[in-house]
Amino acid sequence: MEQSVTKAELRDQMRAARREHVNAQPDVVRALLFNHPPRPILESIPSDAVIGLYHATSSEAPTAAYAQFFQEKGHTLALPRFASPEAPMGFAVHTDAFVESDLESGPFG
């Protein structure tokens, strides 16, 4: 018999798996993965592209170095934003990837 998994349980399982995967990588691999986007990806990004990222929490893959890289290359950055817990996800321009002075706490913290 198949066991039913709730969305919250599945989300928790995926976060734990992601955290374990990131933590299992040697420091040199983490530096390669999270400090500079891979060349094949960069080659497919138009110079005027808006780059959508997320502001990582401690349980997520880090994105700050990517944000800084793309901002230095002149890209516009956009981060998810929710007006309320029930609102659809939108995006807001992120203009300060280095100091992050333009971040605001949303309804999910």
Side-chain angles (χ1 to χ4, degrees):
M1 182 177 274
E2 210 173 292
Q3 183 179 353
S4 178
V5 177
T6 68
K7 183 177 177 180
E9 290 169 334
L10 182 59
R11 186 179 296 125
D12 289 343
Q13 291 172 8
M14 301 310 319
R15 283 182 179 145
R18 181 176 54 224
R19 190 172 33 254
E20 289 172 18
H21 177 73
V22 169
N23 290 336
Q25 303 306 312
D27 289 341
V28 69
V29 172
R30 274 199 302 256
L32 289 171
L33 290 173
F34 302 121
N35 288 328
H36 189 278
R39 185 180 313 265
I41 291 173
L42 292 176
E43 292 171 354
S44 68
I45 298 174
S47 61
D48 62 346
V50 174
I51 306 297
L53 294 169
Y54 59 89
H55 186 260
T57 65
S58 61
S59 67
E60 297 174 321
T63 58
Y66 276 27
Q68 293 167 0
F69 173 86
F70 284 117
Q71 189 170 50
E72 283 182 336
K73 297 293 183 192
H75 288 280
T76 298
L77 303 175
L79 299 179
R81 175 180 277 169
F82 293 87
S84 71
E86 299 80 25
M89 182 174 69
F91 283 85
V93 173
H94 179 39
T95 60
D96 191 4
F98 290 90
V99 182
E100 300 180 338
S101 63
D102 63 344
L103 296 180
E104 298 175 7
S105 184
F108 301 107

Nearest heavy-atom neighbours spanning His75 and Ala49: ND1-O, 2.8 Å
Taking all heavy atoms of Pro80 and all of Tyr54, pick out the closest pair and write down the distance. CD-CA, 4.0 Å
So, taking the atom named CG in Asn23 and the one named NE2 in His21, what distance separates them when rounded to the nearest 0.5 Å? 10.5 Å
Is there a path from Phe70 to Phe98 through hydrophobic residues (I, L, V, M, F, W, Y) whose side chains come within less than 4.5 Å of each other? no
So Glu104 and Arg81, do their side chains get closer than 4.5 Å, heavy atoms only? yes
Calculate, to the nearest 0.5 Å, the distance between atoms CD and CG belonging to Gln68 and Asn35 respectively. 9.0 Å
Working to the nearest 0.5 angstrom, can you tell me the gap between Arg15 CZ and Arg19 CZ? 8.5 Å
How long is the straight-line distance from CG of Leu79 back to CG of Leu103, given to the nearest 0.5 Å? 6.5 Å
All heavy atoms of Gln71 vs all of Thr95, minimum pair found to be NE2-O, 2.6 Å
Looking only at non-hydrogen atoms, find the nearest pair between Phe82 and Pro107 and report the distance. O-CD, 3.1 Å
Does Glu100 reach the side chain of His55, with side-chain heavy atoms less than 4.5 Å apart? yes
Atom OG of Ser101 and atom NE2 of His94: how far apart are they, to the nearest 0.5 Å? 8.5 Å
Where is the tightest heavy-atom contact between Leu77 and Ala97, given as atom of each residue plus distance? CD1-CB, 3.8 Å
Is there a path from Ile51 to Phe69 through hydrophobic residues (I, L, V, M, F, W, Y) whose side chains come within less than 4.5 Å of each other? yes
Check Ala78 against Val50 and note the closest heavy-atom contact, atom names and distance. CB-CG1, 4.0 Å
Flag side-chain contact, heavy atom, 4.5 Å: Val5 against Gln13: yes
State whether the side chain of Thr63 and the backbone N or O of Tyr66 hold a donor-acceptor pair below 3.5 Å, judged by distance alone. no
Quick check against the 3.5 Å criterion: does Asp96 have a side-chain atom that pairs as donor or acceptor with the backbone of Asp102? no
